[in-house]
Amino acid sequence: MAATASQSNLAGLPRRLVQDGIIAEPKLAEATLAARSARVPLVAYLVSENLANARAIAVAASHEFGVPLLDLDAMEVDLDCVRSVDQKLIAKHRVLPLVKRGQRLFLAISDPTNLAAIDDIKFQTSMRVDPVVVEQDKLEERITKALEAVDTTMSDLGDDDWGDIDDLVEMGEEKPEDNVQRDDIEDAPVVRFVNKILLDAIKKGASDVHFEPYEKYFRIRTRLDGVLSEVAQPPVALAHKLCARLKVMSRMDIAERRVPQDGRIKMRLSKTRAIDFRVNTCPTLFGEKIVLRILDPSSAKLGIDALGYEALQRELYLKHLNKPYGMILVTGPTGSGKTVSLYTGLNILNTVDRNISTAEDPAEINLPGINQVNVNPKVGLTFASALKAFLRQDPDVIMVGEIRDLETAEIAIKAAQTGHLVLSTLHTNDAPKTLTRLVDMGVMPYAIATSVSLIIAQRLGRKLCDNCKEVKDIPHEALKKEGFSSQELDAGVTIFGPVGCKQCNEGYKGRVGIFQVMEVSEIMGRIIMEGGNAMQIAEQAKKEGVIDLRQAGLNKVKEGVTSLEEINRVTIE
């Protein structure tokens, strides 16, 4: 009787939650008082404190008030619609404009009794506002993403969240040209917005940031785990200001917009950590596209165990790194992780008793104790000329960023033959093709056979998220076609696939290396000297137990590290 009388004091959504058994009345009373004390909506408090299920609350609210229920995961938010509503109202009431139909605005809301939100937005937009009930947790996530995507003022960001914004850029800023308005580069909201984009990219672990102007819109994309995704669409009118700000930060000529330029930005995040950005501009039809490569020094210090080498592959790499002479070549397409592999090797070799010099275009990561040179063909400092200078400076280890021409290849090979350890990269698809590529460049076969000691071909594949990956049921016939052997299938193979959760990016989190590590044997050297082709070298490598990139990828699938779809994306059958 008392319980019935007590329930009669409840009204609206709270009464419905108690009637549906979603939450007990005593707990609801405590939560109501706590929510008022914390000055947060009741629904938000219930979900954040795990006192009630967000989905159950949304269903109850929809039934109680006859408001449509929507799953936000099934809908894309219209950013133009979000821009049409004052962002302070969105942040204050924790609601999200979804779409406009004529003079009707559909508003995502977790509590339909929040009439203040509906009235405020109706007054500000002069539109009819139709509420749509959504789940509180999904609503909060979408509001955050939407505001980040459309926010160009960053007025809600406090210095407590990001540290001292003005101190983040360590590189000196050059005085702007007289014919460029200072407003273009000193607009405080633009400065804060650029810093926010760069800091977000660093926090997410992105490798690149793209600022892209088009005729009717301007977008910003980041490359995370090798895949590009859009993070913001600022108004196209801001394109010039954003470009000017980035060029000032990277010490470029902001008055020059007709030719590509290169620069660098250093952002000091703390007393012990700084991040470098390699910046490049390219003039396009509607303005300058700017791409920033994020160069995190910590990536070069991961250690060889973190790269993804199998046990035998790791032993081979370490064995040849410890040799006093010879050439180690790392091959693969752009973005396959060649630089990290080389820098990891250099870190292992970087001891006080070794003289190490590198020629790079440009030097991506600063390594104390290693003499790094940026090649500059405009003034005659090429890879070949840098190599010649190194050989006159008593080197032990030489790293050449890339072998691009015959002269560089010949000098590097002579260095490897005369008692120096040489590390370099080539753009080839796999290890056997690297040897024939050198022949095609004009290097004498006997020189290749006597100097090249190890070739590492590699790719980078996205790692499955350990939190949400699930087992996939794939027929054995299909797995055979993908490259699994009958013995492997008979022994039992468990294949995992991506799902997606809040802790990952579409089911993937981080990347892992896929390697083919081929030691150049005497028989392979003989094949090269006899004019053999890449197929013959590959056959010999197989006989010697060298696994190709495809098999290395399938091994990662068997271990549950990545998915079959991802291996198909990054390797060639």
Side-chain angles (χ1 to χ4, degrees), residues 205-208 223-229 293-294 296 299-300 302-314 316-317 328-345 364 401-403 423-437 454-465 469 479 482-484 495-498 504-519 534-535 537-538 541-542 545-573:
S207 60
D208 302 86
R223 188 179 295 278
L224 181 61
D225 295 336
V227 178
L228 277 170
S229 60
R293 167 64 60 88
I294 301 174
D296 189 351
S299 65
L302 290 172
I304 195 168
D305 294 328
L307 297 183
Y309 286 95
E310 296 186 13
L312 182 59
Q313 294 175 333
R314 184 173 61 251
L316 277 175
Y317 191 18
I328 298 174
L329 292 173
V330 182
T331 78
T334 301
S336 60
K338 301 188 297 295
T339 301
V340 173
S341 283
L342 284 178
Y343 276 103
T344 300
E364 294 195 349
E402 183 183 348
I403 294 178
L423 288 77
S424 189
T425 70
L426 268 178
H427 286 284
T428 57
N429 287 331
D430 59 19
K433 289 176 184 172
T434 304
L435 295 172
T436 54
R437 167 75 176 134
L454 187 74
I455 302 172
I456 301 171
Q458 68 180 78
R459 301 288 188 275
L460 279 178
R462 291 179 293 173
K463 292 171 66 176
L464 285 168
C465 172
K469 66 181 181 182
L479 292 177
E482 294 291 349
F484 288 99
I495 308 295
F496 289 90
C504 66
N505 182 30
E506 296 179 351
Y508 297 96
K509 188 176 183 180
R511 290 194 285 179
V512 65
I514 300 161
F515 301 95
Q516 179 186 26
V517 181
M518 186 180 85
E519 191 174 28
M535 290 182 65
I537 298 170
K542 191 173 182 180
V546 178
I547 61 173
D548 60 19
L549 283 166
R550 179 70 182 176
Q551 188 57 53
L554 293 178
N555 288 346
K556 292 286 188 290
V557 174
K558 283 196 301 180
E559 294 165 7
V561 174
T562 188
S563 67
L564 198 53
E565 298 93 330
E566 183 66 8
I567 293 305
N568 287 334
R569 185 178 73 86
V570 300
T571 65
I572 301 171
E573 292 188 58

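Start at 1 with the first residue, then count along the sequence. Not measured: the values here are computed from a predicted model.
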Can you give the donor-acceptor pairs under 3.5 Å from side chains of residues 329-337 to other protein atoms, not counting sequence neighbours?
from, atom 1, to, atom 2, distance (Å)
Thr331, OG1, Thr428, OG1, 3.4
Ser336, OG, Pro333, O, 2.7

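At least one donor-acceptor pair closer than 3.5 Å links the side chain of Glu566 to the backbone N or O of Arg462. Judged purely by atom type and a 3.5 angstrom limit, Gln313 uses its side chain to pair as donor or acceptor with the backbone of Glu310. Asn505 places no side-chain N or O within 3.5 Å of a backbone atom of Tyr508 that could act as its donor or acceptor partner. Remark: side-chain polar atoms of Lys469 are paired, donor with acceptor, to backbone N or O of Gly560 under 3.5 angstrom. Under the 3.5 Å distance criterion, the side-chain polar atoms of Lys556 are left unmatched by any main-chain donor or acceptor of Gly461.
Side-chain atoms of Val517 and Leu454, non-hydrogen and from C-beta on, do get closer than 4.5 Å to each other. Looking only at side-chain heavy atoms (C-beta outward), Glu402 and Lys338 stay at 4.5 Å or farther from each other. Side-chain contact between Gln551 and Lys542 is absent, with no heavy atoms from C-beta onward closer than 4.5 Å. Side chains of Arg459 and Asn429 form a contact here, defined as non-hydrogen atoms less than 4.5 Å apart. You'll find the side chain of Val557 reaches within 4.5 Å of the side chain of Thr562, heavy atoms only. The shortest side-chain heavy-atom distance between Glu482 and Ile567 does not fall under the 4.5 Å cut-off.
What you find for Ser563 and Gly497 is that their closest heavy atoms are CB-CA, 4.3 Å. Leu307 and Thr344 get closest at one heavy-atom pair: CD1-OG1, 3.7 Å. Minimum heavy-atom separation, Arg293 to Ser207: CD-O, 3.3 Å. For Thr425 against Gly401, the heavy-atom pair with the smallest separation is OG1-O, 2.6 Å. The two atoms that bring Ala206 and Ile294 nearest to each other are O-CD1, 3.4 Å, heavy atoms only.
For Tyr309, the ring pair (Phe, Tyr, Trp, His ring centres under 6.0 Å) partners two or more places apart in sequence, or in a different chain, are Tyr317, Phe515.
Considering OG of Ser341 and CD1 of Ile304, their distance stands at 8.0 Å, rounded to 0.5 Å. Here the straight-line distance linking atom CG of Leu464 with atom CD of Glu565 works out to 8.5 Å at 0.5 Å rounding. Distance CG/Asp208 to CG/Leu224: 11.0 Å, rounded to 0.5 Å.
Among Thr571, Asp548, Ile455, the single residue meeting the side chain to side chain contact (heavy atoms under 4.5 Å, CB included) criterion with Gln516 is Asp548.
Taking a 6.0 Å sphere around CD of Glu506, one finds it holds 12 or fewer heavy atoms contributed by other residues, nucleotides or ligands. Atom NZ of Lys463 has 12 or fewer neighbouring heavy atoms from other residues, nucleotides or ligands inside a 6.0 Å radius.
Side chains of Arg550 and Asn555: no donor on one and acceptor on the other come within 3.5 Å.
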> Checking side chain to side chain contact (heavy atoms under 4.5 Å, CB included) for the pair Leu554/Leu564: CA distance, chi angles, key distance, verdict?
Replying inline: CA-CA 7 Å; Leu554 293 178; Leu564 198 53; 3.9 Å; yes
>> Between Gln458 and Val340, is the side chain to side chain contact (heavy atoms under 4.5 Å, CB included) condition met? List the steps.
In response: CA-CA 11 Å; Gln458 68 180 78; Val340 173; over 6 Å; no
